[in-house]
Amino acid sequence: MTHGTLGLIVCPMVDDNLVYSLHKDPEQKNIIIVNNENTSSIKRKLTSMDIPFRMASWSEIASREYEPDPEQFNIIIYMTDLGLHSRPEELKSKVETIAEDLQPYVDGIGFYLGTCGNYEWNIPKWCEQKGMKPSAMFCDKNGCLCHDCVGVNIAGGPRYKDLQKKYTGHLYMFPAMANNYDEFMDADQAEAMATERSLTPEMREVLGIEPGRDGYMRWLLSLGGYEYILKIDTGIGDREHFDEDVQKVADRTHLKIKVADEGWADLQPTDDLYSKCKSFLKG
């Protein structure tokens, strides 16, 4: 039986991947979620899959007021702010700080996130250089990092390039992207709102920008040559509302919906990451 404590640093955009792995693993687990403002999605999804968990503040863990039983299989989940994807340096600093803070309380760390613009940022290698506990993140079958949530769900960078060649001018949409659309877009809200406020009615008319935030987004998408939403069904996540959520995004963006051919979605990086994380603990 697995025993020890695994720390997981998780972006909400890939919490579907984690919940899938936790549900697939039949072994009993004590799941502890660090209480912060980013936990609503993971709590909802664990509850919907009947996966038990408990909440603990960081101060409870740091003071060892709550201390996992070392003879059991424990998982401490620390959720990050989805908006950090638009601020690469802040994301890097925040995740590295969390990893350092977790060191005394875990036997290994899994990074359920992408590098999101920090392309030279190999987090497990950074941990190794710092003499930290063993760690892992999403990689393709050749061990190359998956740099963002699309790469995670289609198994890597080389396939990402092939996807872009086949589906040029498409906004890629998988279940977590569809049901986190507003939160994902809110990451750039301050900058977008400032730019939008600077536009005069005359400028809007000349540029063809409709009123409101969705109008501004439609204009940006048109500049990038986007015509379609590419619906990529990963087979995980919110199955009940996926079609509905994608349609809502299509209505707001005025993009047409196209369904990706079968075979693009691939859970290999997800399966491999969870297996490697468990290998850090004692069997």
Please say whether more than 12 non-hydrogen atoms of neighbouring residues, nucleotides or ligands are located less than 6.0 Å from [atom1] in [X].
X: Glu27; atom1: CD; result: yes
X: Lys29; atom1: NZ; result: yes
X: Glu128; atom1: CD; result: no

Would you say the side-chain atoms of [X] and [Y] include a donor-acceptor pair closer than 3.5 Å?
X: Ser41; Y: Asp15; result: yes
X: Asp251; Y: Gln247; result: yes
X: Lys24; Y: Tyr20; result: yes
X: Asn30; Y: Asn74; result: yes
X: Tyr181; Y: Asp245; result: no

Any ion pair linking [Y] and [X] (charged N to carboxylate O, less than 4.0 Å)?
X: Lys258; Y: Glu227; answer: no
X: Asp233; Y: Arg239; answer: yes
X: Lys94; Y: Asp81; answer: no
X: Arg64; Y: Glu67; answer: yes
X: Asp16; Y: Lys45; answer: yes
X: Asp261; Y: Lys166; answer: yes
X: Lys282; Y: Asp107; answer: no

[Y] backbone acceptor or donor facing [X] side chain under 3.5 Å:
X: Asn36; Y: Met79; value: yes
X: Glu60; Y: Ser57; value: yes
X: Asn142; Y: Cys144; value: no
X: Gln28; Y: Gln72; value: no
X: Arg159; Y: Ile154; value: yes
X: Thr97; Y: Ser93; value: yes
X: His3; Y: Met1; value: yes
X: Asp25; Y: Ser21; value: no
X: Glu65; Y: Ser59; value: no

Any side-chain heavy-atom pair from [X] and [Y] closer than 4.5 angstrom?
X: Leu8; Y: Ile109; value: no
X: Lys133; Y: Cys127; value: no
X: Leu255; Y: Leu221; value: yes
X: Lys43; Y: Phe53; value: yes
X: Phe111; Y: Ser135; value: yes
X: Ile31; Y: Pro52; value: no
X: Glu96; Y: Trp126; value: yes
X: Met49; Y: Val19; value: yes

Cation-pi between Lys231 and Phe242: NZ/CZ under 6.0 Å from ring centre and within 45° of the ring axis?
->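 Flagged: Lys231 positioned over aromatic ring of Phe242.
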Give, for atom NZ of Lys278 and atom CG of Leu273, the distance between the pair rounded to the nearest 0.5 Å.
->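 Output value for this atom pair is 13.0 Å.
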Spacing of CG belonging to Asp182 relative to NZ belonging to Lys248, to within rounding of 0.5 Å =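 One finds 9.5 Å between CG of Asp182 and NZ of Lys248.
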So that I know where these two stand, are [X] and [Y] an aromatic pair - ring centroids less than 6.0 Å apart?
X: His170; Y: Tyr226; value: no
X: Tyr228; Y: Tyr167; value: no
X: Tyr105; Y: Trp58; value: yes

Check whether Leu22 and Ile9 end up in the same hydrophobic cluster, where Ile, Leu, Val, Met, Phe, Trp and Tyr are linked by side-chain heavy atoms less than 4.5 Å apart.
->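 Each belongs to a different hydrophobic cluster.
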Which residues satisfy the side-chain contact (heavy atoms from CB on, under 4.5 Å) test with Asn118, sequence neighbours excluded?
->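 In terms of side-chain contact (heavy atoms from CB on, under 4.5 Å), with neighbours along the sequence ignored, Asn118 is linked to Pro88, Glu89, Leu91, Lys92, Thr115, Trp121.
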